[in-house]
Amino acid sequence: MELLQDIMAALAPVGLNLIGTTPRSDYEALVPAQYHITQRFPEAETVVVIGNGGREFWGHFREYAAAQPDYLQQHDHPLDDYTVEVISARLSPLLDATRAQYRVIYPFQFFSGLTVSFMHLAQAARLSVPSILGVQIHPRYGPWIAWRAAVLIDRDLPALPAPAQDFDPCSTCVERPCIAACPAQAVSAARGWDLRTCTRHRLRVPTDCAERCHTRYTCVYGREHRYPEDELAYHQRFSLATAQAYFEKSKRAN
């Protein structure tokens, strides 16, 4: 537990405030074999999942970028690059001191050809659960969460508190303003989020969702932790590029 406490203490000052653990086997039970960690790092016994909830991490990133002229222009993916910088600086000394075998992986980087599902990692660590919005939800922060990194380590680490244990947000939600808020009608209680419908609409009418995802913004959970306007726009810009790539790939496949 001491190592986990050290990790949490190192990351909390920069807003990385969601930390959980899962045995590798629990994660692998949730995903197909091509997403198994065993393929590339069989030594891993535990995965430490690292994320942020709410606005604080973005606030630190904003200050960091503002202190360095042209930082945003010099990086194609500045938030991702900042994530690697800050996690490497804060965790590498701690992890190296343990003499453990470990790897730090990120959702935006391949690990020696390995693709890992961070949503399932967070689910296995019981940090969040799936929702009809297409994103996961945390009991406190709602959909205003992001998974930034994971540490694969050859140690049997204890379980951390599991805030999303038995959390079932969408089936118990009475208001469901998220459904009516979607201009593409891409969300329903029965089928959840329809990626293709969402993508087609965003590419056809890019101004509708340019500043924010209206469905996510109206979720009843974690409203006080909504991202600030500049962060919402930042993520929407990159997600539109991802949607474009997905749509082009789908057309080629068909």
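If you take CD on Q74 and CG on D81, they are separated by 11.0 Å, rounding to the nearest 0.5 Å. E28 CD to I37 CD1: the interatomic distance, rounded to the nearest 0.5 Å, is 6.0 Å. Residue Q165 holds its CD atom at 5.0 Å from CZ of R126, rounded to the nearest 0.5 Å. Distance check: W193 CH2 to I132 CD1 gives 13.0 Å after rounding to the nearest 0.5 Å. Rounding to the nearest 0.5 angstrom, the gap separating the CG atom in D156 from the CD atom in E45 is 5.5 Å. Note that the CG atom of L121 and the OH atom of Y35 stand 12.5 Å from one another [nearest 0.5 Å].
Although no hydrogens or angles enter the test, the distance criterion places no donor-acceptor pair under 3.5 Å between the side chain of D154 and the main chain of A100. With R226 contributing its side chain and Y217 its backbone, the two residues share a donor-acceptor pair below 3.5 Å. Of the possible donor and acceptor atoms, none in the side chain of D26 sits under 3.5 Å from a partner among the backbone N and O of A124. Side chain of S92 to backbone of A89: no donor-acceptor contact under 3.5 angstrom is found. Side-chain atoms of R24 come within 3.5 Å of backbone atoms of P42 as a donor-acceptor pair (strictly under, hydrogens ignored). Of the possible polar contacts, one joining the S239 side chain to the Q236 backbone as a donor-acceptor pair under 3.5 Å is found. Under the 3.5 Å distance criterion, the side-chain polar atoms of T21 are matched with a main-chain donor or acceptor of P158. The backbone N or O of V31 sits less than 3.5 Å from a side-chain atom of H36, completing a donor-acceptor pair. Checked by atom type and distance alone, the side chain of E211 never pairs as donor or acceptor with a backbone atom of E229 at under 3.5 Å. Looking at H138, its side chain never comes within 3.5 Å of a backbone N or O of P163 through a donor-acceptor pair.
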Hey, mind stepping through F61 and T83 against side-chain contact (heavy atoms from CB on, under 4.5 Å) and telling me if it holds? CA-CA 9 Å; F61 163 70; T83 299; over 6 Å; no

As a quick check of understanding, evaluate side-chain contact (heavy atoms from CB on, under 4.5 Å) for W144 and R216, giving each step before the final call. CA-CA 8 Å; W144 307 108; R216 187 180 187 185; 3.6 Å; yes

H60 vs V86, test: side-chain contact (heavy atoms from CB on, under 4.5 Å). Steps then yes/no. CA-CA 10 Å; H60 288 287; V86 73; over 6 Å; no

From CA spacing to verdict: side-chain contact (heavy atoms from CB on, under 4.5 Å), S131, Y221: CA-CA 11 Å; S131 74; Y221 292 95; over 6 Å; no

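Looking at heavy atoms from C-beta onward, R155 lies out of side-chain contact with T46 at the 4.5 angstrom threshold. The shortest distance between side-chain heavy atoms of Q185 and H201 does not fall below 4.5 Å. The side-chain heavy atoms of D208 and R202, taken from C-beta on, include no pair separated by under 4.5 Å. The shortest distance between side-chain heavy atoms of P183 and H214 falls below 4.5 Å. Side chains of V48 and L3 form no contact here, defined as non-hydrogen atoms less than 4.5 Å apart. Looking at heavy atoms from C-beta onward, Q109 lies in side-chain contact with V84 at the 4.5 angstrom threshold. By the 4.5 Å heavy-atom criterion applied to side chains, L79 and R148 are counted as neighbours. Counting only heavy atoms from C-beta outward, the side chains of F41 and I105 never approach each other to under 4.5 Å.
When ring centroids are compared, Y234 and F238 come within the 6.0 Å threshold.
Criterion: ILVMFWY side-chain heavy atoms under 4.5 Å apart, direct or through other members. Under it, Y82 and Y227 are not part of a common hydrophobic cluster. By the rule that hydrophobic residues join a cluster once side-chain heavy atoms approach within less than 4.5 Å of another member, V14 and I7 end up as members of one cluster. No chain of hydrophobic side-chain contacts below 4.5 Å, direct or via other Ile, Leu, Val, Met, Phe, Trp or Tyr residues, connects L232 to I137. L30 and V49 fall within a single hydrophobic cluster, where Ile, Leu, Val, Met, Phe, Trp and Tyr are joined by side-chain heavy atoms under 4.5 Å apart, directly or via other members. In the hydrophobic cluster analysis, where Ile, Leu, Val, Met, Phe, Trp and Tyr join through side-chain heavy atoms closer than 4.5 angstrom, V151 is grouped together with L16.
Relative orientation of the F108 and Y106 rings is parallel, given thresholds of 30° and 60° on the angle between their planes.
Under a cut-off of 6.0 angstrom, the local environment of CD in Q34 is crowded, with over 12 non-hydrogen atoms contributed by other residues, nucleotides or ligands. Within 6.0 Å of the CZ atom in R191, the count of heavy atoms belonging to other residues, nucleotides or ligands exceeds 12.
Checking W58 against N52 by side-chain atom types alone, no donor-acceptor pair falls below 3.5 Å.
Closest non-hydrogen pair, S128 versus A164, comes out as N-CB, 3.5 Å. When all heavy atoms of P143 and V135 are compared, the closest pair comes out as CB-CG2, 3.9 Å. The shortest non-hydrogen separation linking T215 to C182 is OG1-CB, 3.2 Å. A pairwise comparison of heavy atoms in A189 and R176 identifies CB-NH1, 3.2 Å as the closest pair. In plain terms, the two heavy atoms of N17 and G53 that are nearest each other are OD1-N, 2.7 Å. Listed here is the closest heavy atom pair of E175 and R223: OE1-NH2, 4.0 Å.
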